[in-house]
Amino acid sequence: MNKVILTGDRPTGKLHLGHYVGSLQNRVKMQEDPDTHIYVMIADQQALTDNAKTPEKVQQNLLEVALDYLAVGLDPERSTILIQSQIPQLPELTMYYLNLVTMARLNRNPTVKSEIQEKGFNESIPAGFFMYPVSQAADITAFKATHVPVGEDQRPMLEQTREIARDFNRTYHTEALVEPDIILPPKGHGRLVGIDGKGKMSKSLNNGIYLSDSADEIQKKVMSMYTDPNHIRVEDPGQIEGNVVFTYLDVFDDDKEKVQKLKDHYQKGGLGDVKIKRYLNEVLQAKLQPIRERREEFAKDREAVRTMLKAGSEKAERVAAQTLDEVKAAMGINYF
Ligand code: TRP
C-alpha cells in the first residue's frame, strides 16, 4: 500500500451537500485506487470536546453519519470505517504527544482560535477542546497516514501534526511516526456555499441540503434559494455571480453546454428564477435520489451498520496498537 489516507468527520449532524462536494465524493474515488487504503474516522471523541453536556447529540448522529457514508458508496470491504472513541490507543498517544506541545503553540492554532470565537467559549474553553489538535495528531499518526485530505480550514491541524511527528521522531531517535502530507481540494472546489448565499453550507447557519433530505425538502430548499435580488421581472437581465442556483448548476450539472446556454439567457434577460430553480431541482433530485434510496436501504438494518462499525474499529485498533508499541519502545517505556 503506497498511500494511507486518513479522513474523518465529527458526528454533530447529518452530512450535507457541502460534505459531499468537499470530501465524500473524493473519498469514494480514492477508494477505487488499489494502491490506497482509506481510514474514515467518525470523530465522536472530538465532537465531545464541545458537547460534553449533550453526549446524546453525538451518539444520535454517529449512526446517521455512518449511513451517509454507506449511502454515497463508501465500502467497508475496501475502506476502514471506524469510531474514534473505540480506539483506546488514540488518547494514549495523545498523552505522550501533549508533552511535546506548548500551551503557547496551542494558543496560536488559527483553527482553534476561530472556533473558540464561533462557539463563544470566552474564558471557559474546555481543556479537551483546547488540545484537540494534539488528539487529531494521534488520529493521523496512529494509522501512519501518508496523506490527509482536508479543507483549507484544517491546514493548521495538519501543520501541527507534522510538527509533532517530526519532534517525536527527533526526540526519541525513531522513524515510528509518519509526517503526513496535506491534500487540499483543487481551486474552486472548496466548500460549497449554502442555499442562502451568505456563507459556506453548515448546520449552524441552517442553510444546508442534506443527503437524507426527502424529495419535497430538497425542492422546497431549491425554490427558496438565493439568486439575484435585483432580478425582479423575467425580462430583466440577471446576474450569475453570487447566484446560488448557477453556482450549484456549475457543481452538479454534467451538461455544461446547457448550463452555459442558461447563463447566457439569464444574463440577457427573459429567463425567470422559477425556471432555473425548477431545472436545478431536477438536477439535484437525479443526483440525490439514488443516494437517499441506498441510505434508506441501509437504515432498515441498523444492527448491521453497528456490526460494520465494530469490525472497522477493531481492525483500526490493531493498527493503532502496533504504532503505540513502537512509540513506547522508542520512548523506552515498554517495561514488560
Ligand atoms: N477535525 C475534523 C473536522 O472537524 C475531523 C477529524 C478528526 C479529522 N480527526 C481527523 C479529519 C483526522 C482529518 C484527520 O472536520
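The figures that follow rest on heavy atoms only: side chains count, while hydrogens, waters and symmetry mates do not. Quantities reported herein were computed from a predicted structural model and do not represent experimental measurements. Both ligands and their constituent atoms are indexed starting at 1 by order of listing.
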Is the shortest distance from a Lys or Arg side-chain nitrogen in [X] or [Y] to a carboxylate oxygen in the other one below 4.0 Å?
{"X": "Asp250", "Y": "Lys263", "answer": "yes"}
{"X": "Glu235", "Y": "Lys268", "answer": "no"}
{"X": "Arg278", "Y": "Glu282", "answer": "no"}
{"X": "Arg302", "Y": "Glu64", "answer": "yes"}

Mark up the atoms of ligand 1 that fall under 4.0 Å of a heavy atom belonging to [X], in ascending order.
{"X": "Ala43", "result": "7 (C)"}
{"X": "Arg10", "result": "3 (C), 4 (O)"}
{"X": "Asp139", "result": "7 (C), 9 (N), 10 (C)"}
{"X": "Gln46", "result": "1 (N), 2 (C), 3 (C), 4 (O), 5 (C), 6 (C), 7 (C), 9 (N)"}
{"X": "Leu6", "result": "12 (C), 14 (C)"}

Q) Of all the non-hydrogen atoms in the protein, which one sits nearest to atom 11 (C) of ligand 1, and at what distance? A) Gln136 NE2, 3.7 Å

Q. If we only count N/O pairs under 3.5 Å, is Thr7 in contact with ligand 1?
A. no

Q: Tell me which part of Gln154 gets within contact of ligand 1: side chain, backbone, both or neither, using heavy atoms under 4.0 Å.
A: side chain

**Q.** Residue pairs passing the salt bridge (Lys or Arg N to Asp or Glu O under 4.0 Å) test where at least one lies in residues 252-262, sequence neighbours excluded
**A.**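 Qualifying pairs, neighbours excluded: Asp254-Lys287.
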
Q.
Test of understanding: with side-chain contact (heavy atoms from CB on, under 4.5 Å), list the residues that count as partners of Ala47, not counting sequence neighbours.
A.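 Partners of Ala47 by the side-chain contact (heavy atoms from CB on, under 4.5 Å) criterion, ordered by chain and then number, come out as Arg10, Pro11, Thr12, Val58.
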
